[in-house]
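Just follow the structure's listing: the first ligand is 1, and inside any ligand the first atom is 1. The figures here come from the full heavy-atom set of this structure, side chains too, leaving out hydrogens, waters and symmetry mates. Numbering starts at 1 and runs along the sequence shown. These numbers come from a predicted model, not from an experiment.
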Amino acid sequence: MQIEPLKQKYAQLLRDFYAQLRAIHIDQLERKWITISLIVIGLFVGIITIDALFHGVNPPSKVETIDSASLHLNKEFAEDNLGVQVDDKGNVTVRMVAGRYSFFPKHITVPAETTLTFRWVSMDVLHGVHIPMTNMSTMIVPGYVAEITTTFPKPGEYPMLCNEYCGLGHNHMWSNISVIAKENWTAPAKSSAKGGSNNE
Ligand SMILES: [Cu+2]
């Protein structure tokens with residue numbers, strides 16, 4: 001394929017476009033606002049890029065896949081490995097499964113003012129999880145692990161709601177979290193099952 005003529009053609013198109021753009025009359029004030037809007041857009045794109053590259057703010061799943069049809073055979077999300085766990089380094093991880101029409105386990109107790117890593121999977125269809133008054137809101141897409149890190153600033157009872165329509169019982173799909181003061185919380189007994197997905 002001839003590259004040179006194509007290059008010339010597109011360069012010409014670009015020049016024409018630019019010339020046409022220059023020919024349009026734009027009011028001074030309008031020009032000012034266009035510039036401001038472009039700066040604001042640039043700022044937003046910059047913030048998103050910096051957050052993604054340096055602060056690890058990514059879509060929740062981080063594209064970690066899992067077989068939703070065999071969660072019971074999966075070590076990490078087997079029934080007896082769900083709920084709150086503390087590893088040797090003191091990191092608190094909460095593993096939960098969403099299914100029509102509940103979150104499992106139905107109730108958990110976590111400490112306040114502690115960094116918690118929630119790992120969610122769906123056993124059937126698309127679900128969502130939303131905890132009002134916190135930053136927790138994510139989709140739980142079947143086939144993917146949704147991971148969210150959050151901290152509850154103060155003790156209390158927090159509802160946990162499904163916010164993606166998942167079927168007729170969707171409005172009954174909720175659970176709750178008891179957040180208790182850090183000093184009153186004791187880590188649950190360790191399970192023998194190991195964390196980490198099957199793909200690692
Ligand atoms: Cu739902």
Closer than 2.8 Å to the Cu ion (ligand 1), do we get an N, O or S atom from His127, backbone or side chain?
no
Less than 4.5 Å apart, side chain to side chain, heavy atoms only: is that true for Met136 and Tyr158?
no
Could you walk me through whether Phe103 and Trp174 satisfy the ring pair (Phe, Tyr, Trp, His ring centres under 6.0 Å) test, starting with their C-alpha distance in whole Å, then the side-chain angles of each, then the deciding distance to 0.1 Å, before giving a yes or no?
CA-CA 7 Å; Phe103 295 105; Trp174 63 277; 9.8 Å; no
I need the O(Glu164)-the Cu ion (ligand 1)-SG(Cys166) angle, rounded to 10 degrees.
110°
Tell me which N, O or S atom from His170 is the closest to the Cu ion (ligand 1).
ND1
Going by an N to O cut-off under 4.0 Å, is there a salt bridge joining Glu113 and Lys182?
no
Should His170 and Tyr165 be marked as a ring pair (Phe, Tyr, Trp, His ring centres under 6.0 Å) after you check the CA-CA gap, both sets of side-chain angles, and the distance that decides it?
CA-CA 6 Å; His170 169 67; Tyr165 183 75; 5.5 Å; yes
